[in-house]
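Being a predicted model, the structure only gives us computed values, none of them experimental. Atoms within a ligand are numbered from 1 in the order they appear, just like the ligands themselves. Sequence positions, counted from 1, serve as the residue numbers for this chain.
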Amino acid sequence: MGRVRAVVVGAGGIAGAWFPPLLKEDVEIAAVVDLNREAARRRVEEYAPSAEATTDLSTALASHAPDFVVDLTVPEAHCEVTCTALEAGCHVIGEKPMASRMDEARQMVRASERTGKLYMVSQSRRWNPAHEQVRRVVAEGALGTVTTVNCDFYIGAHFGGFRDEMPSPLILDMAIHHFDLARYMTGEDATHVYAREFAPAGSWYRGDAAASCVFEMTHGVVFTYRGSWCAEGCHTSWNGDWRIVGERGTVVYERDQEPRGQVVAGDEGFHRPLQDLRVPEPRLQYDGMHGALREMLEFLRGGAVPQTECHDNIRSLAMVFGAIESSRRAERVPIEE
Ligand SMILES: NC(=O)c1ccc[n+]([C@@H]2O[C@H](COP(=O)([O-])OP(=O)(O)OC[C@H]3O[C@@H](n4cnc5c(N)ncnc54)[C@H](O)[C@@H]3O)[C@@H](O)[C@H]2O)c1
């Protein structure tokens, strides 16, 4: 396969994180599309001077026939942009969250099936070396059977822009990362959730920027998530602070420090004797969006289907909408298939 060609849609904040890996991988950027032509023009000037800057997606797809489209628009636009690209015969890599409604996400999965084109979500935090280390600790059985997963996320983030207006900014725009990581680290899927979203006093968001959620996962795992995007002081990591407990030990991953843990080393005593957990060496070479992009490029060259292909990623999105529904009904609810 020769040089791969892409059209980038959405030239806002996150586009600044996508152009460097696209250029590093020698992807030809044929066009940058944004409803705001000036935003598209600025990104073209900055990163891809020979690309077209336009507001017209369909015409750009028809005239440049890209191999894939990078959808970096706001969540409400993902369904329309991604379906337009799939129907035009392009593969798509899109920003999280997959969609702002579950019915839209299902429509996107159906469009991928109907057109036979790949749609993957860049759930970028999967491609973090420490997260992959935690995943291997669990998968290699060092903790025994996993029973309990906790994640805390507390950050005071003053964004301005679309997040300030969303009904569920924390759950839909941020916790999607943590919910997906819980699936990634444990290999389990959520079956039910009880959640309470809320707006803490003093919140600067229009919607609920805090939540507490208890997920029941397959094989009896309980995943408890506590988070807030309007918590001033003593911030956790953006990746969240994690504790995973198994029958024989615990791994802790906090403040982006190396994961660490302890496992049982004997059968006697009030506290059983413990030894340090052996955490495997990091092995991911490409971080964040670059890691996601590499999986798309490998797929285009005949490689494996990326791990966050839409049929997988919709299960993380279902946790988001399950939590929102549970909070709305004040009831434990099943997570949609
Ligand atoms: N992976 C991460 O860590 C991460 C971090 C930040 C943002 N994001 C995600 O990236 C996406 C974009 O976020 P952002 O911060 O860049 O937002 P932004 O508001 O800065 O930029 C979005 C851009 O999309 C354009 N746009 C909206 N609808 C469009 C349409 N139909 N066609 C063409 N252009 C359209 C807007 O004009 C704007 O320029 C969101 O889904 C967000 O959740 C991911």
Side-chain angles (χ1 to χ4, degrees), residues 6-22 31-44 46-47 51-61 69-85 88 90 92-101 104-105 108 119-128 131 153 155 157-181 184 205 207 209 229 237-240 256 286-293 295-296 308 310 313 316-317 320:
V7 163
V8 175
V9 192
I14 204 62
W18 276 90
F19 281 103
L22 285 163
V32 178
V33 183
D34 198 295
L35 295 179
N36 174 349
R37 185 189 297 276
E38 185 49 29
R41 202 194 52 72
R42 275 199 303 272
R43 290 301 186 186
V44 161
E46 198 177 354
Y47 291 108
E52 181 190 8
T54 175
T55 57
D56 184 345
L57 175 61
S58 296
T59 307
L61 297 179
V69 163
V70 188
D71 180 359
L72 310 181
T73 59
V74 293
E76 291 69 24
H78 288 172
C79 181
E80 190 194 329
V81 167
T82 286
C83 289
T84 302
C90 308
V92 177
I93 181 168
E95 264 299 348
K96 49 52 66 174
M98 194 170 168
S100 59
R101 298 202 321 248
E104 288 183 343
M108 295 158 95
Y119 167 41
M120 74 175 281
V121 176
S122 167
Q123 200 70 64
S124 57
R125 287 171 201 273
R126 279 200 182 205
W127 289 274
N128 173 314
H131 302 169
F153 173 80
I155 286 193
H158 296 259
F159 291 103
F162 71 89
R163 293 177 187 85
D164 288 15
E165 306 303 322
M166 293 168 74
S168 299
L170 173 77
I171 293 283
L172 181 58
D173 201 60
M174 189 64 217
I176 177 67
H177 281 298
H178 304 124
F179 295 175
D180 183 70
L181 282 178
Y184 174 66
Y205 296 81
W229 236 347
S237 155
W238 280 85
N239 290 315
D256 292 334
Y286 299 95
D287 207 344
M289 286 84 179
H290 199 166
L293 176 63
E295 286 202 21
M296 168 57 101
T308 54
C310 58
N313 194 260
S316 299
L317 195 74
V320 163

Closest approach of any protein heavy atom to [atom], naming residue and atom:
{"atom": "atom 7 (C) of ligand 1", "value": "R163 NH2, 3.3 Å"}
{"atom": "atom 17 (O) of ligand 1", "value": "F162 CE2, 3.4 Å"}
{"atom": "atom 16 (O) of ligand 1", "value": "I14 N, 2.8 Å"}
{"atom": "atom 27 (C) of ligand 1", "value": "V74 CG2, 3.8 Å"}
{"atom": "atom 11 (C) of ligand 1", "value": "T73 O, 3.3 Å"}
{"atom": "atom 31 (N) of ligand 1", "value": "A77 CB, 3.6 Å"}
{"atom": "atom 3 (O) of ligand 1", "value": "H177 NE2, 3.6 Å"}
{"atom": "atom 21 (O) of ligand 1", "value": "G12 CA, 3.2 Å"}

Can you tell if the side chain of L61 reaches within under 4.5 Å of the side chain of V69, non-hydrogen atoms only? yes
Could you check whether any side-chain heavy atom of V32 comes within less than 4.5 Å of a side-chain heavy atom of F19, counting everything from C-beta outward? yes
For [X], atoms of ligand 1 separated by under 4.0 Å from a heavy atom:
{"X": "M289", "result": "1 (N), 2 (C)"}
{"X": "V9", "result": "33 (C)"}
{"X": "H78", "result": "41 (O)"}
{"X": "L35", "result": "28 (N), 29 (C), 30 (C), 32 (N), 33 (C), 34 (N), 35 (C)"}
{"X": "G10", "result": "24 (O)"}

Does ligand 1 have an atom that lies less than 4.0 angstrom from a heavy atom of [X]?
{"X": "G161", "value": "no"}
{"X": "P97", "value": "yes"}
{"X": "E76", "value": "no"}
{"X": "M166", "value": "no"}

Can any side-chain N or O of [X] pair as donor or acceptor with the backbone N or O of [Y] at less than 3.5 Å?
{"X": "R43", "Y": "G12", "answer": "yes"}
{"X": "D71", "Y": "V81", "answer": "no"}
{"X": "K96", "Y": "D173", "answer": "yes"}

Judged by heavy atoms only, the candidate from Q123, R37, K96, E95 nearest atom 42 (C) of ligand 1 is K96
Given N36, D34, D173, identify the one with the heavy atom nearest to atom 37 (O) of ligand 1. D34
When rounded to the nearest 0.5 angstrom, what is the spacing between [atom1] in [X] and [atom2] in [Y]?
{"X": "H78", "Y": "S100", "atom1": "NE2", "atom2": "OG", "value": "8.5 Å"}
{"X": "D56", "Y": "R37", "atom1": "CG", "atom2": "CZ", "value": "9.0 Å"}
{"X": "M296", "Y": "M120", "atom1": "CE", "atom2": "CE", "value": "6.5 Å"}

The salt bridge (Lys or Arg N to Asp or Glu O under 4.0 Å) partners of D180 (sequence neighbours excluded) come to R126, R183
Which heavy atom of V8 sits nearest a heavy atom of L22, and at what distance? CG2-CD1, 4.0 Å
List in chain and number order the residues that pass ring pair (Phe, Tyr, Trp, His ring centres under 6.0 Å) with H178, two or more places apart in sequence or in another chain; answer none if no residue qualifies. F153, Y225
What is the ring orientation for W229 with Y205, classed by angle as parallel under 30°, tilted 30 to 60°, or perpendicular over 60°? parallel
Please confirm whether G13 comes within less than 3.5 Å of ligand 1 when only nitrogen or oxygen atoms on both sides are compared. yes
